[in-house]
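Structure first, then comments.
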Protein chains: 2
Amino acid sequence: MEDKLTRIKQLLSSQRFKLTPQRQATVQVLLEHQEDHLSAEDVYLLVKDKAPEIGLATVYRTLELLTELEIVHKMNFGDGVTRYDLRRDEDASHIHHHLVCMNCGAVQEIDYLLQDVEKIVEETFDFSIMDVRLTFQGICSKCKTDPVVQEKYFKHPHHL
Amino acid sequence: MEDKLTRIKQLLSSQRFKLTPQRQATVQVLLEHQEDHLSAEDVYLLVKDKAPEIGLATVYRTLELLTELEIVHKMNFGDGVTRYDLRRDEDASHIHHHLVCMNCGAVQEIDYLLQDVEKIVEETFDFSIMDVRLTFQGICSKCKTDPVVQEKYFKHPHHL
DNA sequence: TTCATTGCAAATCGTTTGCATGAGG
DNA sequence: CCTCATGCAAACGATTTGCAATGAA
């Protein structure tokens, strides 16, 4: 992980960007929450613990910068908030799929299956894929046991 | 298509909702643009031709209502705008995938492949899928011939 | 009359921007 | 000094909401 921070610092300075305390704090928060999918607001609140004086705008600017450098990944589950993620590594970049529970909001990654599908799409449509976002929305196994959830999602026929 | 309008009217009235002129105009716009992926604003402008007095809020409310009734499909390509689509038909509901060109913004549907993947996900994760959103972002065959596009997306190694 | 529905304007929410200040080379 | 980066507050764009007016059952 120090590894990663060092690499990021190099990447920044190679393009004349500085690893300021605010940026470092932001990266650290992302490193500590690799499994989560934090919104800018989430990141902001977490960074405030490390650097209380930071402004929300700086967090947005930092996340935007890191996105341009392809260090973080910007995503969007349709709930009106953009979420950010450290990228795993350099090239297997465009594999990033999720199970989103419509009840509890839990997000689980499923970063495999699908290489074949990508290949077919590229060939069939002569389309150069730069990024793939596959999101399954549904009910996770935990929520499935909740009677309220069952009533809401499983009882009614969807089209009367 | 009259077919479809009638069915929608039935669906509405079965739940004590009325097919007001505004709602009808909105549905008609959606029917006339089944291939597009219109934003609320787009729909609003198109509906204004048919019913100039309509308000944007009503369009939003109508689209929300139609979404709840599973008549339209709400989606999101990460550009900060929600887009809406008439659903094709009743049950093969959750198959709705897209190729989005990062250059010209063209959206092409690829509503097949993937049934197997869905099945695997359901079983592997004990996850009940209610909706799937698969988006490939990349460069379409048309844009690929543009030298500016080539320079921007295909020349530079992504990580120096 | 009653209740859903509407148009309008104001409010809200996430995000971006302008600007004056501050820190580092 | 010069530039980049910051914090703050204002601006912004998409969407939602409050409310009084409308209109069909």
Side-chain angles (χ1 to χ4, degrees), chain A residues 8-29 37-69 71-85 105, chain B residues 8-27 29 37-69 71-84 105:
Chain A
I8 290 170
K9 183 165 187 173
Q10 285 169 358
L11 247 171
L12 284 170
S13 60
S14 77
Q15 323 239 342
R16 314 278 129 93
F17 296 117
K18 296 168 196 163
L19 185 60
T20 64
Q22 291 91 333
R23 286 176 181 168
Q24 177 156 344
T26 303
V27 170
Q28 260 160 13
V29 163
H37 301 76
L38 305 176
S39 67
E41 185 81 28
D42 294 338
V43 174
Y44 173 61
L45 293 173
L46 290 164
V47 170
K48 276 205 117 159
D49 294 343
K50 298 180 195 296
E53 76 291 355
I54 200 173
L56 180 54
T58 301
V59 171
Y60 273 105
R61 283 188 279 234
T62 301
L63 291 171
E64 194 52 39
L65 176 64
L66 295 174
T67 302
E68 265 151 39
L69 295 174
I71 293 166
V72 316
H73 205 271
K74 217 170 163 174
M75 73 202 82
N76 210 300
F77 297 127
D79 60 351
V81 204
T82 303
R83 296 174 184 282
Y84 302 85
D85 240 30
Chain B
I8 291 170
K9 183 166 187 174
Q10 285 170 355
L11 247 171
L12 285 170
S13 61
S14 77
Q15 322 239 341
R16 315 278 127 93
F17 296 117
K18 295 167 197 165
L19 186 60
T20 64
Q22 291 92 333
R23 286 177 182 168
Q24 177 156 346
T26 304
V27 170
V29 163
H37 300 77
L38 305 175
S39 68
E41 186 81 29
D42 294 337
V43 174
Y44 172 61
L45 293 173
L46 290 164
V47 170
K48 276 203 118 156
D49 293 344
K50 299 180 195 294
E53 75 291 356
I54 200 173
L56 180 55
T58 301
V59 171
Y60 273 104
R61 282 188 281 233
T62 301
L63 291 171
E64 193 53 39
L65 176 63
L66 294 175
T67 301
E68 265 152 38
L69 294 175
I71 294 166
V72 316
H73 206 271
K74 216 170 165 176
M75 73 202 81
N76 208 301
F77 298 127
D79 60 351
V81 204
T82 303
R83 296 173 184 283
Y84 301 85

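Naming convention: chains lettered A, B, ... in sequence-line order (proteins, then strands); numbering from 1 in each chain.
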Between the protein and nucleotides 8-15 of chain C, list every N/O to N/O distance that falls short of 3.5 Å.
{"from": "C:dT15", "atom 1": "OP1", "to": "A:Thr82", "atom 2": "N", "distance (Å)": "2.9"}
{"from": "C:dT15", "atom 1": "OP1", "to": "A:Thr82", "atom 2": "OG1", "distance (Å)": "2.9"}
{"from": "C:dT15", "atom 1": "OP2", "to": "A:Tyr60", "atom 2": "OH", "distance (Å)": "2.4"}
{"from": "C:dT15", "atom 1": "O5'", "to": "A:Tyr60", "atom 2": "OH", "distance (Å)": "3.1"}

With a sphere of 6.0 Å drawn around NZ of A:Lys9, does it hold more than 12 non-hydrogen atoms of other residues, nucleotides or ligands? no
Length of the line joining [X]:[atom1] and [N]:[atom2], which is rounded to integer Å:
X: B:Lys18; N: D:dT22; atom1: NZ; atom2: P; answer: 16 Å
X: B:Arg23; N: D:dT22; atom1: CZ; atom2: P; answer: 19 Å
X: A:Phe17; N: C:dG25; atom1: CZ; atom2: C1'; answer: 17 Å
X: A:Leu19; N: C:dG24; atom1: CG; atom2: C1'; answer: 14 Å
X: A:Arg16; N: D:dA5; atom1: CZ; atom2: P; answer: 12 Å
X: B:Leu65; N: D:dT17; atom1: CG; atom2: P; answer: 15 Å
X: B:Gln22; N: D:dA21; atom1: CD; atom2: P; answer: 18 Å
X: B:Lys48; N: C:dT6; atom1: NZ; atom2: P; answer: 15 Å

Report yes if at least one side-chain N or O of A:Thr58 is closer than 4.0 Å to OP1 or OP2 of D:dA5; otherwise report no. no
Check ion pair A:Glu53-A:Lys48 (N to O, under 4.0 angstrom): no
If you look at every heavy atom in B:Ala40 and B:Leu56, which pair is closest and at what distance? O-CD1, 4.3 Å
Taking all atoms of both residues into account, what is the closest heavy-atom pair of A:Glu64 and A:Lys74, and its distance? OE1-NZ, 3.0 Å
Give me the one residue out of B:Leu69, B:Thr62, B:Leu63 that meets side chain to side chain contact (heavy atoms under 4.5 Å, CB included) with B:Leu65. B:Leu69
Quick one: list whatever passes salt bridge (Lys or Arg N to Asp or Glu O under 4.0 Å) with B:Glu68, sequence neighbours left out. none
